[in-house]
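Below is one structure, written out as structure tokens, with a few remarks after it.
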Amino acid sequence: MHLFSGAAALLALSQRANAAFGLTSTSSRYIVDTDGGLVFEVNRSNGDITSLKYNGVEYQGTGKASAINSGLGTSSVTGETVNGYVKITVKSNSLPVTQYFVAKPKEAIIYMATYNSKEVDPGELRWLARLRTSELPTGVHGNVGDTRGCTAFEGKDTFKCSNGETRCKMYTSDRFIDDKVHCVSGSKAQVCMIMPGTAYETSASGPFMRDINSQTGDSDQELYWYMNSGHVRTEPWRFGLQGPYAMAFTSPNNKPSEDLDMSFFGSLSIQGYVAASGRGSVTGSATGVPSQFETVVHWFNKDAQYWTKASNGKYTSPLMKPGAYSMRLYKQEFLVANDTVTVAAGQTATKDIASKEQNKPVIWRIGEFDGQPFDLKNGDKIERMHPSDTRMGSWGGSFAAESLKAKDFPMALWSKQGGTASVTFTLTQDQVKGHVIRVGTTLSFKGGRPSVKINSWTGNDPGAPVLIDSRGITRGAYRGWGDVYTWDVPSSAFKVGSNTLTLGVYGSGDATWLSANYILDALELQD
Ligand SMILES: *[C@@H]1O[C@H](CO)[C@@H](O)[C@H](O)[C@H]1NC(C)=O
Ligand SMILES: *[C@@H]1O[C@H](CO)[C@@H](O)[C@H](O)[C@H]1NC(C)=O
């Protein structure tokens, strides 16, 4: 009798749970109740997400659906319950893409992964949730991508507002190495993209790539995860399984953890998913980077990419797919060593790597060779606004090396805008001899590269760097090839007393902020 009623109670409990968590369908829709406060609907003809209700409030926008790119078009859409998870598979008829939506009981999370066998025209792959601005008005990095009331003035994506401030969805981006959770929010909820573990392994352009995270318009708050794009791309695209990643609903000010366990994807027959048991890793020392800079280790081949930050001179890689990899060491973002390593499943390879950077004594140096322009003037703003924004400090100018602080020297130069920058410095008789000028850049646009002139001596044109065919600084990007230029300046160029270095730009382009330009990392006159 006791046994019987215990079993009956258990049965009743499990029926209640089943009634709440699970998949139901109509002829046109799959409806998923996560039993964690989130109920979402998927269109059975194209895999669009057409409803996202969290705690009874509809967050899905009223215009277009949430989907990969602008939708996968007519697709084969299947819904099933596998090992206690709801799994919806959307295989596009026209695009080389299969999208997975997965739900786990009691969580307000849509787990996702995107398999692509080729790049999708026009060269970008992204998850785009079109949410309601009325419910979620705050974008990633606040209003930097909020175009409401503002007018496009460069391309179709960069806006000027009546107060002279600028907005662009690119200004919401963060470095992939740091971008593990980003959210849009409102008074009742926030919605976050989570890219845990090795979610970026099939993306492109390395740890310092940045891409669009949100854009706030009158009706839609767009929340993105860009897997790849042509936005200052420095590597070929990779194909295979992108992610897994997730979109989570939480209460406001309750940012979800970046440590989201995705290992259950191993039991769901997801195309291209490689479980931990099929992976290996690399460990060792990473030394020689001064402690005020991050020590970053990066691995890549044509199929996968990984990175980690070393601490106390030691590193351990994430779990990587087997293969032969190029390996790089960065001082912050400045390349200081290369190597190669081979990873085998179930094994840990050992590889020590040390900085090869040689610091020469200098007469003066402006900025740090760290692959970033943030220590220079306007470097604190450039990721989040246009160089013409009224909040920006002036560009160009004349400076005296002896009293100069890096934060007073402009972080970029344009051939037709923003002027030249000159540095005066004093030499003694002993210092009138040959010197090397070294100029580090982080990104170039339309072939822009430094021109140097010392007094009446002019350095050779180093020639245009490899073109990255993408707007850069005007959309908040600073990271490209990181070209470093040096000139051997003869002693005859210098004189006792005051000397002037004039820094300018070779290259042309439009007579606007889109003329040839480059972003400075640092410059120095070596002793
Ligand atoms: C699902 O997609 C089809 C094809 O685009 C469309 O005709 C239909 O209206 C959509 N259904 C819903 C519920 O959005
Ligand atoms: C790393 O390798 C690249 C490509 O071969 C080369 O251009 C660069 O000078 C190397 N850098 C260092 C610091 O070893």
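Note that ligands are numbered from 1 as they come in the structure, with each ligand's atoms numbered from 1 the same way. Starting from 1, each residue takes its place in the sequence as its number.
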Of W307, Y306, Y315, the one forming a ring pair (Phe, Tyr, Trp, His ring centres under 6.0 Å) with W299 is Y315
Those residues at least two apart in sequence (or on a different chain) that pass side-chain hydrogen bond (donor to acceptor under 3.5 Å, both in side chains) with Y100 are none
Look at the side chain of S173 and the backbone N and O of R210, then say whether any donor-acceptor pair between them is shorter than 3.5 Å. no
Note: ligand 2 atoms sitting under 4.0 Å from heavy atoms of A337 are 13 (C)
Distance filter under 4.0 Å, heavy atoms only, around ligand 1 gives N43, S45, N46, T50
Across all chains, not counting sequence neighbours, the side-chain hydrogen bond (donor to acceptor under 3.5 Å, both in side chains) partners of T442 are none
Near L335 (heavy-atom distance under 4.0 Å), the atoms of ligand 2 are 1 (C), 11 (N)
Applying side-chain hydrogen bond (donor to acceptor under 3.5 Å, both in side chains) to K321 and not counting sequence neighbours gives none
**Report entry** Check against ring pair (Phe, Tyr, Trp, His ring centres under 6.0 Å), W225 and Y200
**Finding:** CA-CA 10 Å; W225 182 48; Y200 290 100; 5.6 Å; yes
**Asked** Thinking salt bridges, do K169 and E222 make one under a 4.0 Å N-O criterion?
**Response** no
